Asks: 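Sharing a structure, written as structure tokens. Questions coming.
Just so you know, ligand 1 is whichever comes first in the structure, and atom 1 is the first atom listed for that ligand. This structure is a prediction, so every number in the text was calculated from the model and none was measured. Throughout, residue positions are numbered sequentially from 1 according to the sequence presented.
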Amino acid sequence: MRIAQRLADIRERVQEAAERAGRDPKEIEIMAVSKFQPRSRIDEAIASGIRYLGESRVQEVEEKYEEDRRNLPENVELHFVGQLQRNKVAKAVRYVDCIQSVDRDPLILEIVKRCERIDKRMGIYFELLTAEETKGGYLDFDSLMRGVEMALLYEHLEIKGLMTMAPFVEDEKEIRHSFRALAACRELLVRRFPQLEGLKLSMGMSNDFEIAIEEGADIIRIGSRLFEGIQV
Ligand SMILES: *Cc1c(COP(=O)(O)O)cnc(C)c1O
């Protein structure tokens, strides 16, 4: 099966999950998490209609894309979704449109510093840790909220959403619990900072995206279900 067929299958499931939840499937974006994938497959995904790409290693970003994603179509966004070390920030901000894995205050300050230097406005998502088994993310709502409060001060940042990873477990209830925690976090944040109305929820991966959609995901991050086993 080629990527276009995989994507058609995913879209069908997205539609069914959205309908179960009484949501409009057109509002749900599918990100292709293209880590470890060669450019040829990424281009195939774009040709199939993918508009969001997710990468998790700065070195790989450097190898596959040009600065300011110049070798990508205008309407495609490149997001960083992996854990970001401070010493890689300067490089990352030159390549990507958005960093979804903002998980600590010092990282915010480093992103600001590096973006100011090249005068680039960076989209950011705040990552919340919603399950013990996963790693990365602010540990609780209060610390995340303080990070948001700080980020709001900087014009080189645009707060676009919240991100989380559910635990890798069989138990659907545990997975749902993670996604609900992120949705609740958005509600509290928007109540506190009304200017953040429209904040997106980035949640759901290959094995749990249907549950994420039922719980309000705006953007799902799909890797293996789109790419695994596809010939180069
Ligand atoms: C790899 C990865 C994904 C995609 O995972 P799959 O299970 O392969 O769909 C999504 N989000 C993040 C942050 C990832 O690192």
Asks: Counting heavy atoms only, which of Gly136, Ala32, Gly223 is nearest atom 4 (C) of ligand 1?
Replies: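 Among Gly136, Ala32, Gly223, the closest heavy atom to atom 4 (C) of ligand 1 belongs to Gly223.
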Asks: Considering non-hydrogen atoms of the protein only, which is the closest contact for atom 5 (O) of ligand 1, and what is the distance?
Replies: Met205 CE, 3.5 Å
Asks: For Val81, counting its heavy atoms only, list the atoms of ligand 1 lying under 4.0 Å from any of them.
Replies: 13 (C)
Asks: Quick one: which of Arg41, Arg6, Glu44, Met31 gives a side chain to side chain contact (heavy atoms under 4.5 Å, CB included) with Leu226?
Replies: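 Looking at Arg41, Arg6, Glu44, Met31, the match for Leu226 under the side chain to side chain contact (heavy atoms under 4.5 Å, CB included) is Arg6.
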Asks: For Val33, counting its heavy atoms only, list the atoms of ligand 1 lying under 4.0 Å from any of them.
Replies: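 So the answer, numbered in order with elements, is 1 (C), 2 (C), 3 (C), 4 (C), 10 (C).
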Asks: Which residue supplies the protein heavy atom nearest to atom 8 (O) of ligand 1, what is that atom called, and how far is it?
Replies: Ser224 N, 2.8 Å
Asks: One residue to check: Ile222. Relative to ligand 1, which of side chain, backbone, both or neither has a non-hydrogen atom less than 4.0 Å away?
Replies: backbone
Asks: Between Glu55 and Lys35 (salt bridge meaning N to carboxylate O under 4.0 Å), is one present in this structure?
Replies: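 Salt bridge flag = no for Lys35 with Glu55.
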Asks: Same cluster or not: are Leu107 and Met165 linked, directly or through other Ile, Leu, Val, Met, Phe, Trp or Tyr residues, by side-chain heavy atoms under 4.5 angstrom apart?
Replies: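 Per the 4.5 Å side-chain linkage, Leu107 and Met165 are not co-clustered.
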Asks: Under a 4.0 Å heavy-atom limit, does Gln100 contact ligand 1 with its side chain, its backbone, both, or neither?
Replies: neither
Asks: Please write down residue, atom name and distance for the protein heavy atom closest to atom 6 (P) of ligand 1.
Replies: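 Protein heavy atom with the smallest distance to atom 6 (P) of ligand 1: Ser206 OG, 3.5 Å.
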Asks: Hey, which atoms in ligand 1 end up nearer than 4.0 Å to a heavy atom of Arg221?
Replies: 4 (C), 9 (O), 10 (C), 11 (N), 12 (C), 13 (C)
Asks: State whether Arg121 and Glu155 are salt-bridged, where the test is any N-O pair (Lys NZ or Arg NE/NH1/NH2 against Asp/Glu carboxylate O) under 4.0 Å.
Replies: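 Result for this pair is no, no salt bridge flagged.
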Asks: Check ligand 1 against Lys35 and write out every atom of the ligand that is under 4.0 Å from a heavy-atom position of the residue.
Replies: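 It comes down to these atoms of ligand 1: 1 (C), 2 (C), 3 (C), 14 (C), 15 (O).
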Asks: Is the shortest heavy-atom distance from the side chain of Phe209 to the side chain of Arg225 under 4.5 Å?
Replies: yes
Asks: Looking at Arg39 and Glu63, is any side-chain nitrogen of the basic one under 4.0 Å from a carboxylate oxygen of the acidic one?
Replies: no
Asks: Salt-bridge test for Arg94 and Asp68: reply yes if a basic N is under 4.0 Å from a carboxylate O, no otherwise.
Replies: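 Salt bridge between Arg94 and Asp68, a charged N being under 4.0 Å from a carboxylate O: no.
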